[in-house]
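One structure below.
Convention: sequence-line order gives letters A, B, ...; per-chain numbering from 1.
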Protein chains: 2
Amino acid sequence: MAQPDTVTRILDTAEVLFAERGFAETSLRNITSKAKVNLAAVNYHFGSKKSLIQAVFARYLEPFSERFHRALDELEARHARDGSEIPLEELLETMARTVLEVPAERDSLKVFMRLLGLAYSQAQGHLRGYIQSEYGDVFSRFTELVRRATPELPDAERFWRLHFILGSVIFTLSGLDALRDIAEHDYGERVSVHELIGRLRPVVVSAMQAPMPGA
Amino acid sequence: MAQPDTVTRILDTAEVLFAERGFAETSLRNITSKAKVNLAAVNYHFGSKKSLIQAVFARYLEPFSERFHRALDELEARHARDGSEIPLEELLETMARTVLEVPAERDSLKVFMRLLGLAYSQAQGHLRGYIQSEYGDVFSRFTELVRRATPELPDAERFWRLHFILGSVIFTLSGLDALRDIAEHDYGERVSVHELIGRLRPVVVSAMQAPMPGA
DNA sequence: GGCGTTTTCAAACAAATGTTTCCAACCACA
DNA sequence: TGTGGTTGGAAACATTTGTTTGAAAACGCC
């Protein structure tokens, strides 16, 4: 798995097409023809279509994981000094910042969110297991910090609420263009990703602080 | 499209398999063999696989649309008598109740949510058009009632929050199996769809009542 | 320049897919 | 009972899928 040109051209194209149509609906011939690469190149460089899908994910998750670990290191160190617990807002803020930092390409955030959504909803399979086994520790670390920031929540409740929130983020960011068009047409204001996350923040915090069901 | 036995057996099986694996990953042979029906029966009764998917979808959305209209009629009539505005909680409660009432089979809700997610993610753009043209009036009616229930929110803010919430619902319900597996593995409790919506309710209400961004 | 390795390429492969065909079985109605 | 339209069924159809092959081309290095 060497020579960058062909490999990255495959990755770039695959990432876009996967996001547009999904994994099963995107054939290797779609990818290779659009990338102007021989069909066999995928199997030569990646081994299989499955591995290609994982490679597309790895290209995002690797830098994200590294940066997020560093950001959490810093956050923990800062609060370790004065012995205070890290508040939820700061955790969410740190994650949002890291998510926004990572993408090198312009719409790669949108693409990655869509891929993440697909990974979850195309339930059965290798992808979720791969992500969990490869990058599970970052997320475990994050959720553990969230646990300490919200000690009043039962573990299961926190789990579900975090996934409710994940759904909001994935849905709005992956469908960003469509939603933004509707919003612009109906309300005449075009929001940026930063503004959107600004709108998301108070909603997410309120969601986590909602009363327990049955009250 | 007559004789109920074969047709409904196909619909029932397709619905379950679509929910488990997704649409592209479910072949007609998977469906027909499990339904103990001849392979050609699908094309005979429905015309094509795409039409089958729409038929599965329509079987849910048609009764939902009708019931939801009736429920909103009743809700509006009740509040028209004493001149009070319909509170947000009641609107959400009505929708949740209708959503849960409809499915005859266990998995049709999941299928519906998955389709809805696909329709929005623009991957299958024609689906959103189909939904909008066929059943758009119900949703317009609902959002108008939500508008009256939350007069303090600017229109754009309400728009975005409703879609944040829609994302939560679609994500958790369409990826239900995956999430449920994780939750069961980690916390040892297997939640029902009813319980999940029960957990969703207070979170959604809090999300709608969150303070405006910038405070 | 020559040689071993890596990469590209066209072609073929086997398997799986949605769809169609053609005929038998069925069923209502005369 | 016979007849015409509807449904069921086995097989074949044409495509499309991911993958493999074997040879040509490009490359790196002594």
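With respect to the salt-bridge test (charged N to carboxylate O, under 4.0 angstrom), the residues A:R78 and A:E74 qualify. Taking 4.0 Å as the cut-off between side-chain N and carboxylate O, B:D155 and B:R158 count as a salt-bridged pair. Using a 4.0 Å cut-off between a side-chain N of Lys or Arg and a carboxylate O of Asp or Glu, A:R9 and A:D5 qualify as a salt bridge.
Among the heavy atoms of the strands, none lies under 4.0 Å from A:A41. At the heavy-atom level, B:T32 lies nowhere under 4.0 Å from the strands shown.
Rounding to whole angstrom units, CG of residue A:L28 and C1' of C:dT17 are separated by 16 Å. Distance A:L39 CG to C:dA10 P: 11 Å, rounded to the nearest Å. The distance from atom OH of A:Y44 to atom C1' of D:dA24 is 14 Å, rounded to the nearest whole Å. A straight line from CZ of B:R9 to C1' of D:dG8 spans 11 Å, rounded to a whole angstrom. Atom P of nucleotide C:dG18 and atom CG of B:L17 are separated by 12 Å, given to the nearest angstrom. Rounded to whole angstrom, the span from the NZ atom of A:K49 across to the P atom of D:dT16 amounts to 15 Å. The separation between A:I10 atom CD1 and D:dG18 atom P is 13 Å, rounded to whole Å. One can place CZ of B:R29 at 16 Å from P of D:dG9, the figure rounded to the nearest angstrom.
A donor-acceptor pair is defined here as one N or O able to donate and one able to accept, closer than 3.5 Å; no such pair exists between the side chain of A:S174 and the backbone of A:R114.
For D:dT19, the OP1/OP2 oxygens have a side-chain nitrogen or oxygen of A:N43 closer than 4.0 Å. Put simply, A:T6 has no side-chain N or O that comes within less than 4.0 Å of OP1 or OP2 on C:dT7. Within the structure, a side-chain polar atom (N or O) of B:H45 is placed less than 4.0 Å from OP1 or OP2 of D:dG8. In this model, the phosphate group of D:dT17 is approached by a side-chain N or O of A:S27 to a distance below 4.0 Å at OP1 or OP2. Residue A:N38 places at least one side-chain N or O under 4.0 Å from the OP1 or OP2 atom of C:dA10.
With ring centers used as reference points, A:F57 lies 6.0 Å or more from A:Y130.
Nearest-nucleotide positions on DNA chain D place B:A40 closer to the 5' end than the other of A:S48 and B:A40.
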